[in-house]
Amino acid sequence: MSRIGKSPIAIPAGVTVEVKDAVVTVKGKLGDLSQEFTDVSVKVEEGQVIVERSSDHKNDRSKHGLYRALINNMIVGVSEGFTKELELVGVGYRAANQGQKLDVALGFSHNIVLEVVPEVKVETVSEKGKNPIIKLTSHDKQLLGQVAAKIRGFRKPEPYKGKGVKFVGEELRRKAGKSA
């Protein structure tokens, strides 16, 4: 029994949801998103989106909660947007951006230059005495997570000193070093 899939999604003001031929399209002030769906039915009634499954097969039950969560993320994205912050921990680690080009120095012989997709806005914050922070904002949660994971993948945090690229607020599993 899907508890997430059962609950209806409220549509905020300024957001329109259309369902045509197994494709949900959501439009709002920050942009528009679309998502295909299978094995469930999606209806828009009285300012709410309702996701229902056709049977109780395992595949249908798993997709019921999945598509409800995806549609909810689309509605929240086009109305409010999503933000992820990455922190660069390490001596000499720097980040700068010029428009959509992100230039990151992570201790390699050359800087890493990443051309970020136009749907994701990039901002870098560098204050003296604090670690540089990369702020990513977008209306598409999946794309935002993918770009953040790619940047984090350049130098993942290591378990001994915690150096690398990590999400702000991320708890790292630390290890003890060599014992004398």
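More than 12 heavy atoms of other residues, nucleotides or ligands shown are found within 6.0 angstrom of CZ on Phe154. Around atom CD of Glu45, more than 12 heavy atoms belonging to other residues, nucleotides or ligands sit under 6.0 Å away.
Counting only heavy atoms from C-beta outward, the side chains of Leu114 and Val104 never approach each other to under 4.5 Å. Between Leu86 and Val168, every side-chain heavy-atom pair lies at or beyond the 4.5 Å cut-off. Between Tyr67 and Thr38, some side-chain heavy-atom pair lies under the 4.5 Å cut-off. Looking only at side-chain heavy atoms (C-beta outward), Val42 and Ile50 stay at 4.5 Å or farther from each other. A 4.5 Å side-chain heavy-atom check between Val49 and Ile11 finds at least one atom pair inside the cut-off. Within the 4.5 Å cutoff, no side-chain heavy atoms of Gln35 are placed close to those of Ile71. Under the 4.5 Å side-chain criterion, counting only non-hydrogen atoms from C-beta, Asn72 is in contact with Arg68. Annotation: side chain of Leu102 is in contact with side chain of Ile151 (closest heavy-atom distance under 4.5 Å).
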**Message:** Could you walk me through whether Lys166 and Leu172 satisfy the side-chain contact (heavy atoms from CB on, under 4.5 Å) test, starting with their C-alpha distance in whole Å, then the side-chain angles of each, then the deciding distance to 0.1 Å, before giving a yes or no?
**Reply:** CA-CA 9 Å; Lys166 69 178 192 100; Leu172 298 177; 3.9 Å; yes

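Identified under the side-chain hydrogen bond (donor to acceptor under 3.5 Å, both in side chains) test for residues 134-150, with sequence neighbours left out: none. Under the side-chain hydrogen bond (donor to acceptor under 3.5 Å, both in side chains) criterion, no residue pair touches residues 15-30, with sequence neighbours excluded. Residue pairs meeting the side-chain hydrogen bond (donor to acceptor under 3.5 Å, both in side chains) criterion with at least one partner in residues 113-133, sequence neighbours excluded, are Glu87-Asn131, Asn97-Thr124.
Closest of all the heavy-atom pairs between Leu30 and Gly81 is CD1-N, 3.5 Å. Scanning both residues, Gln100 and Val120, for their nearest heavy atoms gives NE2-O, 2.6 Å. Of all non-hydrogen atoms in Pro157 and Val165, the two that sit nearest each other are CD-O, 3.1 Å. Thr83 and Leu144 make their closest contact through N-CD2, 4.0 Å (heavy atoms, listed as atom of the first residue, atom of the second, distance). Residues Ile75 and Ala10 approach most closely at CG2-O, 4.2 Å, considering heavy atoms. Of all the heavy atoms in Ala148 and Phe167, the pair that sits closest is CB-CE2, 3.7 Å.
Side chain of Arg174 to main chain of Lys161: a donor-acceptor pair is present (N/O by atom type, distance under 3.5 Å, no hydrogens or angles). Side-chain atoms of Arg53 do not come within 3.5 Å of backbone N or O of Asp60 as any donor-acceptor pair.
In terms of hydrophobic clustering, with Ile, Leu, Val, Met, Phe, Trp and Tyr side chains grouped at heavy-atom distances under 4.5 Å, Val44 and Val51 are assigned to a common cluster. Transitive grouping of hydrophobic side chains (ILVMFWY, heavy atoms separated by less than 4.5 Å) brings Val147 and Leu88 into a common cluster. Cluster annotation: Val40 and Leu33 are assigned to the same hydrophobic cluster (Ile/Leu/Val/Met/Phe/Trp/Tyr, side-chain heavy-atom contacts under 4.5 Å, transitive). With hydrophobic clusters built from ILVMFWY side chains whose heavy atoms lie under 4.5 angstrom apart, Val125 does not share a cluster with Val89. Hydrophobic clustering, with ILVMFWY side chains joined whenever heavy atoms are under 4.5 angstrom apart, groups Leu106 together with Val122.
A cation-pi arrangement, defined by a distance under 6.0 Å to the six-membered ring centre and an angle within 45 degrees of its axis, is present between Arg155 and Phe108. For the pair Lys63 and Phe37, the cation-pi test (distance below 6.0 Å, angle within 45°) is failed.
A salt bridge (charged side-chain N to carboxylate O under 4.0 Å, His left out) with Glu52 is found for exactly one of Arg61, Lys6, Lys43, namely Lys43.
Between the OG atom of Ser55 and the NE2 atom of His64 there is a distance of 11.5 Å, given to the nearest 0.5 Å.
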